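Structure record follows, encoded as structure tokens.
First the proteins, then the strands, lettered A, B, ... as listed; each starts at 1. Since this is a predicted model, take the numbers as computed values, not measurements.
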Amino acid sequence: MLDLALATLLSPVVLFFVLGLIAALLRSSMSIPEAFAKGLAIYLMMAIGLKGGIAMSESPVTLAMIGVFAIAIALSFSLPAIAYGALRVTSKLSRTDAAATAAHYGSISIVTFVAATQLLASANIESSGYMVAVAAVMEAPAIITALFLASRGKQKSEPVAGSESGELFREVLLNASVVVLVGALIIGALIGTDGAAQISPFFVDPFQGVLCLFLLDMGLSAGRGLRHGWRQLDGAALGFGIYMPLISASLAAVASILLGLDTGDMTLLMVLSASASYIAVPAAMRLALPEAKPSVYLTLSLGITFPFNIAVGIPLYLTVAQWLQGGA
Amino acid sequence: MLDLALATLLSPVVLFFVLGLIAALLRSSMSIPEAFAKGLAIYLMMAIGLKGGIAMSESPVTLAMIGVFAIAIALSFSLPAIAYGALRVTSKLSRTDAAATAAHYGSISIVTFVAATQLLASANIESSGYMVAVAAVMEAPAIITALFLASRGKQKSEPVAGSESGELFREVLLNASVVVLVGALIIGALIGTDGAAQISPFFVDPFQGVLCLFLLDMGLSAGRGLRHGWRQLDGAALGFGIYMPLISASLAAVASILLGLDTGDMTLLMVLSASASYIAVPAAMRLALPEAKPSVYLTLSLGITFPFNIAVGIPLYLTVAQWLQGGA
Amino acid sequence: MLDLALATLLSPVVLFFVLGLIAALLRSSMSIPEAFAKGLAIYLMMAIGLKGGIAMSESPVTLAMIGVFAIAIALSFSLPAIAYGALRVTSKLSRTDAAATAAHYGSISIVTFVAATQLLASANIESSGYMVAVAAVMEAPAIITALFLASRGKQKSEPVAGSESGELFREVLLNASVVVLVGALIIGALIGTDGAAQISPFFVDPFQGVLCLFLLDMGLSAGRGLRHGWRQLDGAALGFGIYMPLISASLAAVASILLGLDTGDMTLLMVLSASASYIAVPAAMRLALPEAKPSVYLTLSLGITFPFNIAVGIPLYLTVAQWLQGGA
Amino acid sequence: MHAMKRLELIIERMAMKRAGRILESAGVKGYTVVPALAGFGQGTYWQRDRDMSASQDMVVMIAISREAVMQAALDELQKLLGAHIGVLSVSDVNVLRPDRF
Amino acid sequence: MHAMKRLELIIERMAMKRAGRILESAGVKGYTVVPALAGFGQGTYWQRDRDMSASQDMVVMIAISREAVMQAALDELQKLLGAHIGVLSVSDVNVLRPDRF
Amino acid sequence: MHAMKRLELIIERMAMKRAGRILESAGVKGYTVVPALAGFGQGTYWQRDRDMSASQDMVVMIAISREAVMQAALDELQKLLGAHIGVLSVSDVNVLRPDRF
Ligand SMILES: Nc1ncnc2c1ncn2[C@@H]1O[C@H](COP(=O)(O)O)[C@@H](O)[C@H]1O
Ligand SMILES: Nc1ncnc2c1ncn2[C@@H]1O[C@H](COP(=O)(O)O)[C@@H](O)[C@H]1O
Ligand SMILES: Nc1ncnc2c1ncn2[C@@H]1O[C@H](COP(=O)(O)O)[C@@H](O)[C@H]1O
Ligand code: NA
Ligand code: NA
Ligand code: NA
């Protein structure tokens, strides 16, 4: 565990995250232009999707896989209910803020997922290519639960002025991360290992380096979120950012044992469950629950849970998975 | 032919184009930031120019080459006249819209050219490095023909208020694609194969991958153009987007036989002739013929002709070239 | 010397700079989006910092190194005084403009530094990894001297309305280039050669190519600066852009001999002293001396001194260093 | 010149399309959207390049229109602003070609 | 404070320099150009990040000037707008340092 | 609708935070910053994508506020403009929800 934690903390990716975090906390004026960071994000999702798709092209679809998808969707649907309950009971967040926050914790963070695959790779632990597809299906269901929770008890409300039927649906199912991840997955499956040779000098070799640059930016965002946002949160809400991933990971661990997943996939399912969205879900929440305060859910998901998972969570989940599998 | 078509359609580059197209048609909100896409475009043109220049540094300038340049310029000058005639006779486009559209079809699309060189490479068919220079000289002449066509019969009109002598000239001959393409070509010729070693990890190896990312964006642009623009066009205009490249490619085939080009270069000259500009010429038209409607020429060039060439045209032109050469 | 000059002038990096310069002087409309160029700049600084840090992880800190740092800081503090004196005596620049310009010449240009390391590498001359750290410490001291010079003789002035204590301090010590350079240096030292393997496909292999793209943009900026700015400068000021780097390099040569530096490090210290800042210091000057005219200091540093150093200065400093070392 | 109303609506980027639909269905013949870079309101700051979630990004929508049409749009916009963050203001301007509006 | 006119010209990015030359030669002492992100007019929509040809990109030019100078500029601008797409409006503003304009 | 003042301050990007602090401490409840792309003034031109030092970048700050508050801000802003490059103008606007300002 300590070895893992150290390996994680001394990986260049995490070190650049910490650099960004420190720069932001020291109020450095540095920033990475939004257009450039968005371009990198699309690159990363293409690369992850292709990798997963190529891996899937080599292994047949099994019944076990279908079970994993079903459980993953069930987790994404149900985790927000737990998150919402916890927030409403312990913190002073309004119903809408609690529901919007809950949606983030049911959904996933693809960068956290990637960081976990890197740690697995460096520890020589196998994981399945289709876990990228599992990540993709866990993006959206949480939003549905959250909307249900937010509207409970209210009279059926009119739609917001100017809204169009289908706009939320499109935002949730056709946002950039879903389109690129699922699209690249399918393309990866179509081109297979042969087609991959041409594009791996762009999508495989520099991947780690690009991730460093991206995490520098995430560190800057997280640090700035923390600096501006923590005042808006009470201790109970801040605590939620730490204990909620642990709850989610525990449930995912139980599910993984039922499914008979091996160490790698179990770790990844725990990581997906424990991670919280900070790009796709915030955008959907601005459309669906515009009254909810972005500073609440972003401070929690990007400022607290993301760093926690990167520095502590991932090695912890892996250790637990190894221990549950009787390994070391 | 079918093999070629399939190889084209299943190449990652085309698959990402299709992904973008579908996402746009389904009204996904995803987009690639303009600044990032423009940066990628400059990278692609540098890479293409360098490749051509390095190839040229190894082969002497021949009389035959000069013939190709002359014919290419002649094609760029004359194709707009055919395009203009066809549009005026069959469609309801105004004189100005028809002339502006014609300019696009006399000029070229460098991405279509690159896609063709990729197909040739994957089919192990040789082509000449100087064809990049041919592409560069075909960018501008079409614009002159189009301006002549648009002004025919009008009294000599005053220049637009605020315009400066030379501004159109600069836009046409010193736009980003001409500067970068020609500049990189010369630099490539100067540094030669030796100098190329240092920069090929950036300009050669990742090229295919960057092209995937760029074509995803082109798919998004094309799909959006189609969705908004097709209503502005009648059937005759839409048909033009398909039959005009076939006419251009036929003329180029005839010219290639006269010049005695081999299969690879013949295919490329057909592709250049058949392709239509969607960045440099639109910008020039906004200056020179501001009354022309961008939605007309962009829907045709980016929404119809580009996808047609990528999916159907390129393999077709190659097949025809092989057949004309008595090959297979 | 002639060989070196030719090798420099025919390197792709310099050729792309010249391409940009020519395009700008011909008033081409081409540009590289700011967001993209800023992203590239951050990439370059990460790469340079990592390289230096990894090199430092392999060699122990010596007393000699500490001497170099001390001298470098002293140079950065003192060069502005010379620059200021020269400008006030020879040109008609106001006190504020002269002080602001002087700050640029005491600070450094990291791209000039990189170009010099490339030339050294291509000539198989060793240089120390810690020179990157030397570059970093030379960024800021010059600003302090300049502020002192600008305020001399004035009554203690009130701070500018709306300014906050610490804002200048943060801008000077925590601007993007300091944060990324120093941060990446430390990270490089932490991960060492082992950790570098994963990220070198992104930070090492494509470095030269990215530099080409970045220098194309610098050429565009320099050319535009020259075209708009030279009218604001008299001959004496323009001359300063050429002779000042020679003065600075001479002082650095003397210092290098006292320190016993070898050819490579001596060249780099001369280059750092001779180079002038064009990103970090201009930003600091807008905060600290807003009355100073940006067109003055930018035309000099980016339009005159940068091209001079790239094309003439670097090979010259190397030749001098070789000669002083009794080498050839 | 001819008197018109200029609407300036500072609103979240995600609500831009909703506001656009309202303007269009009220009969406004055109609008232009300008990106915002940073802002301050109710004690909080945001800055585009410093928040990768982009969830606080704002835009400024400008629409020039006849008074009567504008009045119709305002009622619906007010409802939109009940839900979304936004600042709406209207001023008097003069235009050259009144038939365009 | 001192009364001035504020010109706001929403125009195609490619025509920006033409408009700038007109303003300058009419005696306007300065202008600032702001990029537009998206827009709607005559039944068509455009969005900067979604059209790689950038041929429909608009910008907003703002110039503050004395009334007499502005009047001179308007006549020439009107000619420009005969050819290009664009929306021009003028409003009253007050400034602090009148000698700058 | 309710009468308010609209401040438009065209100022160097580096001075944006200073202006923001002045507005905030004068009691202005919010402002929005829009990036500029290009500009002209006193015989010099600048363009964002063409100067990598970004030292001439400008932004446009928009703040809507009550007249009394605006007056307080103007005095301090005038001092800021003594040092920095900038163009300040104030105009009349009407808003819907006066309690927000
Ligand atoms: N009075 C105002 N003038 C201009 N922009 C404002 C004003 N108030 C708020 N804003 C903008 O609206 C955003 C949200 O404001 P608020 O709803 O007050 O949190 C701010 O970040 C500003 O960009
Ligand atoms: N009334 C208006 N108010 C603001 N912007 C407008 C208006 N009309 C047109 N525009 C802008 O001008 C562009 C072209 O308009 P049009 O000439 O109507 O197609 C639109 O896409 C908008 O960006
Ligand atoms: N009258 C004006 N109207 C609008 N913007 C202006 C005006 N004067 C100056 N500017 C802006 O302020 C910048 C600096 O102007 P100046 O201080 O005149 O050099 C210019 O580049 C413009 O962006
Ligand atoms: Na989760
Ligand atoms: Na063509
Ligand atoms: Na220096």
Side-chain angles (χ1 to χ4, degrees), chain A residues 32-47 49-50 53-54 164 166-192 194-207 209-210 279-280 283-284 286-287, chain B residues 6-44 47 114-115 117-119 121-122 200-217 219-220 223-224 227:
Chain A
I32 293 179
E34 182 206 20
F36 193 75
K38 237 180 121 181
L40 294 185
I42 290 173
Y43 164 86
L44 291 174
M45 288 183 298
M46 282 173 88
L50 283 169
I54 291 166
E164 193 187 55
E167 64 177 355
L168 181 62
F169 180 85
R170 279 199 305 278
E171 186 59 37
V172 168
L173 291 185
L174 293 173
N175 63 49
S177 58
V178 171
V179 166
V180 177
L181 215 53
V182 174
L185 204 78
I186 296 174
I187 292 175
L190 285 175
I191 61 174
D194 294 345
Q198 302 170 295
I199 56 177
S200 68
F202 182 64
F203 286 117
V204 178
D205 306 344
F207 184 82
V210 177
I279 296 186
R286 294 319 294 148
L287 280 186
Chain B
L6 208 70
T8 310
L9 288 175
L10 285 184
S11 76
V13 167
V14 173
L15 290 170
F16 275 107
F17 178 77
V18 173
L19 175 60
L21 204 69
I22 293 175
L25 292 175
L26 293 177
R27 299 176 62 191
S28 159
S29 70
M30 93 154 279
S31 67
I32 294 179
E34 182 206 18
F36 193 75
K38 237 179 123 181
L40 295 185
I42 289 173
Y43 164 86
L44 291 174
V114 168
T117 59
Q118 308 268 330
L119 185 64
S122 76
S200 69
F202 182 63
F203 285 117
V204 178
D205 306 343
F207 184 81
Q208 282 265 3
V210 177
L211 202 60
C212 289
L213 190 37
F214 194 73
L215 272 153
L216 174 60
D217 196 24
L220 291 166
R224 263 164 205 135
R227 200 153 59 72

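Taking CG from A/L50 and CG from B/L15, the interatomic distance works out to 10.0 Å, rounded to the nearest 0.5 Å. The structure places CG of B/L26 at 10.5 Å from CG of A/L173, a figure rounded to the nearest 0.5 Å. Here the CG-CD1 distance, from A/L174 to B/I22, works out to 11.0 Å after rounding to the nearest 0.5 Å. In this structure, the separation between CD1 on A/I191 and SG on B/C212 is 7.5 Å, given to the nearest 0.5 Å. In this structure, the separation between CD on A/E164 and CZ on B/R27 is 4.5 Å, given to the nearest 0.5 Å.
Chain B forms the most heavy-atom pairs under 4.5 Å with one residue out of A/N175, A/V179, A/I187, and that residue is A/I187. Considering only heavy-atom pairs separated by less than 4.5 Å from chain B, the leading option among A/E167, A/M46, A/E171 is A/M46. The candidate with the highest count of non-hydrogen atom pairs below 4.5 Å against chain A, out of B/L213, B/I32, B/L216, is B/L213.
Neither the backbone nor the side chain of B/L40 comes within less than 4.5 Å of any heavy atom of chain A. Of the atoms belonging to B/S122, not a single heavy atom falls under 4.5 Å from chain A. No part of A/I186 comes within reach of chain B, as not one of its non-hydrogen atoms sits under 4.5 angstrom from that chain.
When all heavy atoms of A/A184 and B/L19 are compared, the closest pair comes out as N-CD2, 4.3 Å. B/P33 and A/A35 make their closest contact through CG-O, 3.4 Å (heavy atoms, listed as atom of the first residue, atom of the second, distance). Shortest non-hydrogen contact noted between A/G195 and B/P12 is O-CG, 4.4 Å.
Below 4.5 Å, heavy atoms of chain A meet heavy atoms from B/D205, B/P206, B/Q208, B/G209, B/V210, all part of residues 203-210 of chain B.
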* Carefully, step by step, assess A/I42 and B/F36 under the rule side chain to side chain contact (heavy atoms under 4.5 Å, CB included). => CA-CA 11 Å; A/I42 290 173; B/F36 193 75; over 6 Å; no
